[in-house]
Amino acid sequence: MVSISAPNSVTSEQLVEGLSAPDSARVLDALAYATEAYGDKQTFAGRSALEFALGVATTLAFLRSDAETRIAGLMFELTLLEPDTAADIEPRFGKQVCDLATGVRQLIRLRALTQAQHGSAAGRGKNAAQQAVAQVETLRKMLLAMASDMRVVLVRLAACVTTLRYFAELKLFNEMTREYGKETLDLYAPLANRLGIWQLKWELEDLSFRFIEPEAYKRIAKMLEEKRMMREGFVSSAILRLQTELASAGIQAEVFGRPKHIYSIWNKMRGKELDFTALYDVRAFRVIVADVKTCYTVLGVVHNIWTPIPKEFDDYISRPKPNGYQSLHTVVTAEDGRPLEVQIRTNEMHSFAEYGVAAHWRYKEEGGSNFAGQKYDEKIAWLRQLLAWKTEVADAVVGQEEIQREWVEKLKSATLDDRIFVMTPQARVLELPVGATPVDFAYHLHTDVGHRCRGAKVDGIMVPLNTQLKNGQTCEIITAKGAPGTAGPSRDWLSAGYAVSTRTRSKIRAWFHAIDMQETLAHGRALVEKSLQREGKTAVNLEALAQKLGFAKVDELFLSVGKDEFSLRHVEQALHDNGEVVVPEDAVLVGKSRASSVEQGAKSGVLVVGTEGLMTVLAKCCKPAPPDSIVGFVTRGKGVSIHRATCKNFEEMRAKAPERVIFTEWGSTGGHDTVYPVDIFILAGDRQGLLRDISEIFSREKINVIGVNTQSAKGQARMTFTAEISSTAQLLKALNVIKDVSGVLEARRS
C-alpha cells in the first residue's frame with residue numbers, strides 16, 4: 001500500500017500527471033486563476049486557502065481523477081469564501097466544474113449536522129447510543145445521495161485528508177481538531193472504505209485517531225518499533241521472495257501487501273481484548289490465484305518458506321463462514337522471528353469478499369451481520385468496482401479521450417437516486433422514497449403527527465403539502481392542536497399526490513377504515529335501538545340478545561346490521577319468540593368449518609313426514625345430530641326449525657303453538673360425509689396442559705373443533721367446545737375417552 005504524502009511544494013507536474021495535453025492546459029489555467037483569486041485568504045482553520053486548495057488538487061491527481069475533478073478541488077474553497085465567484089467559474093471552466101464545486105459546498109453542510117448528532121447523543125443510555133450509530137449510517141447514505149455527481153464525494157474526501165494533514169503538521173491538539181477527527185472517523189473514513197479508496201481510508205483513520213486518542217496513538221506507534229515505511233519494506237521483501245518461489249513452481253499469482261495501520265491495530269486490540277503481542281496480522285499480504293487447487297499449492301509453498309503457527313490456520317474454503325466468505329488464512333514466523341499473516345484465495349473469492357455480502361467493510365462496521373439496505377449495498381459494490389476499473393485503466397487513458405469520457409459519464413450517474421434524506425429541525429435525518437412529500441415525512445416521524453399534519457415549512461418557508469422534498473432539506477411539520485386522535489387526514493391525500501410512500505398510504509387508509517367502522521357501528525346501533533323502541537323492549541339485555549342471535553359480542557350485531565348483512569326482522573323475532581330464533585345460514589359468521597358441514601350449507605338429511613320440499617334449519621339451541629330423536633317447528637317465513645325432542649326451548653314453543661309442531665326423522669340425503677355441529681361441556685380441575693390433552697383426543701377421533709370457550713375459577717376449568725360430528729356414536733366414543741383424562745370431572749353433550 002502506498003501512502004499519499006502531502007507535498008511541501010506542489011508542482012505543476014504533480015497536478016497534471018496522467019492527463020492529456022488539452023486537459024493539462026485547463027488545469028494549469030485553473031491553477032493560475034486560483035493563485036490570483038485566493039491571494040492571502042485563509043480557511044476556517046487559519047491555513048492559507050491557496051495551500052489548502054493545492055493539497056486537495058494534488059491528492060485528486062494521485063487518485064488519477066479527471067481534469068474537471070482536479071479543477072473543482074482547486075475552486076470549491078473559493079466558492080465557500082466568496083460565493084459570488086461561482087458565477088465566474090462556470091463561463092471560464094465549464095458547468096461541470098461549477099456543479100462539482102457547488103456540490104462540495106452543499107456536502108460541507110453535513111459537518112454541523114454530525115456535530116449536532118454527537119452532542120445530542122452524549123451522556124445518554126445504550127438505546128440513545130444505538131440510535132446515534134444508526135443516524136451516522138443514515139448520514140453516510142445522505143452524503144452519497146446529496147452528491148448528484150459521485151466525483152463530489154472524491155473531492156470531499158480529499159479535502160478531509162488535506163485538513164487532517166495540516167493539523168498533524170502543526171501538531172494541533174484541541175477540541176476543534178478532536179471533533180473534526182471524530183466526524184471524519186464516523187462519516188468519511190467508512191465512506192472511503194466502502195468505495196474502495198484504500199489510499200485515503202487508512203490515512204483518514206490514522207490521522208483521525210491521532211487527534212481523538214493521542215495517548216493511545218503514541219503508545220501503539222511506540223509498540224510497533226518500526227515506522228510504516230519499514231513495515232511496508234518488510235512486506236515488500238516478503239512478497240518478492242514468495243513471488244520468486246511461486247514463479248519457480250510455475251504458479252501464476254497476484255501478491256500484494258496488507259500492512260495494518262495504527263488505528264486498525266488499536267481497534268482489534270480493543271474489540272478482541274488482545275495484547276499487542278497476540279496480534280499476528282500486524283504485517284500481512286494476500287495471494288490471488290486462478291483456482292481452488294492452486295490455493296492449497298500456494299499454502300504449501302508458504303509453509304515451506306516460513307514456519308507456520310498451527311493454531312493460527314483457518315480453512316474457510318472447505319468450511320466457509322456463514323455469510324459465504326471463503327479464503328485460506330495462515331500465520332507464519334518470518335526470518336526476524338515476528339509473525340506474518342497470509343491470506344490465499346481465488347479471484348472469484350476475492351471479488352465476493354470485496355464486493356459481495358462478505359465485503360471487508362461488513363466485518364468492520366456490522367460485525368458480520370446482515371444489513372437491511374440491499375439495494376444500497378449493491379450500488380456501493382458497483383461504485384467500488386467502477387473506481388477500481390478506473391485505477392486499472394488509468395495509464396491507458398492518456399491519449400484516449402473516449403475512454404476517459406466514458407468513465408466520467410458512468411461516475412457522474414453513479415448516485416443513490418431511489419432514496420432521499422431529509423432533516424428535522426432537531427437535525428434528525430429521515431430516509432424517504434424519491435418524490436416524498438411533507439405528508440410522507442410527517443407519517444415517518446409518527447403516525448399521530450401524520451394524522452394531525454396541517455402544514456409544513458421546508459427550509460423555513462411554508463410550502464403546499466404535496467411539495468416534493470429534496471435531499472438535504474429541513475422539514476418542519478405544523479400539526480392541528482388538541483389531544484391525539486382528535487384530528488385526522490384528508491381523503492384527498494390518497495388521490496392528489498400528497499402521499500407517495502406505501503407506508504403513508506396504508507396508514508391513511510387504516511384511519512378511514514377505522515372511521516368507517518365507527519360510523520357503521522353507530523348506524524347499526526341506532527337501527528337496533530330504534531327497533532327495540534318500536535317493539536317496546538328498550539330494557540332488554542343487549543349482550544344476551546346478541547348471543548341469542550349467534551353473535552359473540554353486541555358490537556358484532558351492530559356492525560352486521562349496519563352493513564345490511566343481518567335483517568332487523570330476526571331481532572324482532574328474537575324479542576317475541578322465547579324459543580329458538582331461526583337465523584339464515586349466511587347471517588352469522590362461524591369458525592373454519594368443513595365444506596360438508598350443515599353449518600356451511602350441506603343438506604341436513606332431515607325428512608319432514610308427509611311433506612316434501614320444505615326448507616329445514618337445524619336449531620342452534622340444541623344442535624341435533626343423527627341419530628337424535630328430532631321434531632320440527634314451523635317458523636314464520638323461514639321453514640322448519642329442527643330440534644332435539646328433549647329440547648327445553650322446543651317444549652316452550654310447543655306449549656304456546658302446538659299446531660306448528662311437525663314430525664320429522666333423519667333420512668339418508670345428508671350423505672356419509674355430512675357433519676353436524678354440537679356443543680360439548682367439560683368440567684375439570686384446572687391444570688397446565690389440560691386444553692392440549694383434550695384437543696389431542698378430538699384430533700385422534702377426527703373431530704373438527706370450530707369453537708372453544710374456557711373459564712377458570714377456584715381451581716376448576718369450565719370448557720365448552722363446538723365440534724363437528726357425523727353421528728352421536730362418534731361423539732359418545734370421544735366423551736368416554738375424555739372422561740379418562742387426568743382431572744376431568746364431567747364430560748357431556750350440552
Side-chain angles (χ1 to χ4, degrees), residues 1 202 216 219-226 230-243 245-246 249 251 253-289 291-346 349-350 352-354 357-369:
M1 185 179 295
W202 69 259
R219 184 171 65 254
I220 294 175
K222 184 177 181 180
M223 286 189 295
L224 286 172
E225 296 179 354
E226 58 182 12
M230 294 178 62
R231 293 203 307 273
E232 292 178 355
F234 170 82
V235 172
S236 297
S237 62
I239 289 175
L240 181 60
R241 181 177 180 184
L242 180 60
Q243 286 176 329
E245 294 289 342
L246 293 177
I251 299 174
E254 178 186 0
V255 187
F256 53 90
R258 198 177 62 88
K260 288 283 184 178
H261 52 287
I262 293 176
Y263 174 74
S264 179
I265 293 171
W266 174 80
N267 213 25
K268 175 166 281 192
M269 290 174 62
R270 181 187 61 170
K272 295 190 176 182
E273 298 181 352
L274 296 175
D275 185 74
F276 181 79
T277 56
L279 293 177
Y280 291 119
D281 57 347
V282 172
R283 303 176 299 180
F285 59 80
R286 291 192 180 108
V287 183
I288 311 298
V289 295
D291 52 49
V292 173
K293 180 181 178 181
T294 310
C295 288
Y296 290 96
T297 304
V298 171
L299 179 66
V301 174
V302 170
H303 286 177
N304 185 53
I305 299 175
W306 299 290
T307 304
I309 301 176
K311 293 183 179 180
E312 295 302 322
F313 171 71
D314 291 298
D315 185 352
Y316 294 122
I317 293 180
S318 61
R319 295 184 301 276
K321 290 188 176 183
N323 59 11
Y325 173 85
Q326 290 183 290
S327 183
L328 293 177
H329 290 195
T330 186
V331 179
V332 297
T333 303
E335 294 85 347
D336 59 0
R338 297 181 182 179
L340 173 66
E341 184 194 60
V342 183
Q343 296 179 357
I344 308 168
R345 59 180 68 149
T346 66
M349 295 174 190
H350 182 64
F352 181 80
E354 291 297 301
V357 296
H360 193 55
W361 61 265
R362 284 187 176 276
Y363 296 110
K364 298 291 186 181
E365 300 164 34
E366 294 296 328
S369 63

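Just so you know, residue 1 is the first one in the sequence shown, and it goes up from there.
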- Note on the structure: Separation between CD (Gln326) and CZ (Arg345), nearest 0.5 Å, reads 10.5 Å
- Item | Sequence-distant partners of Thr346, side chain to side chain donor-acceptor pair (under 3.5 Å), two or more places apart | none
- Item | Sub-4.5 Å side-chain heavy-atom contact between Val298 and Val342 | no
- Message: Checking side chain to side chain contact (heavy atoms under 4.5 Å, CB included) between Trp306 and each of Val301, Thr333, Thr330, Val332, which is the one that passes?
- Response: Val332
- Heavy atoms only: give me the nearest Val235-Ala284 pair and the separation to one decimal. CG1-O, 4.0 Å
- Query: Roughly how far, to the nearest 0.5 Å, is CD of Glu245 from CG of Leu240?
  - Reply: 10.5 Å
- Rounded to the nearest 0.5 Å, what's the gap from OG1 on Thr294 to CD1 on Ile288? Could you check? 12.5 Å
- Have a look at Arg286 and tell me which of Glu254, His350, Gln343 forms a side-chain hydrogen bond (donor to acceptor under 3.5 Å, both in side chains) with it. Gln343
- Message: Restricting to non-hydrogen atoms, name the atom on Val287 and the atom on Phe285 that form the minimum distance, rounded to 0.1 Å.
- Response: CG2-CE1, 4.0 Å
- Closest heavy-atom contact between Cys295 and Leu328? O-CD1, 3.7 Å
- Item | Nearest heavy atoms of Gly257 and Ile239, plus distance in Å | N-CD1, 3.2 Å
- Message: For Ser318 versus Asp315, what's the shortest heavy-atom pair and its separation?
- Response: OG-OD2, 2.9 Å
- Message: Quick check: closest heavy atoms across Ser327 and Met349, and the distance to 0.1 Å?
- Response: N-SD, 4.5 Å
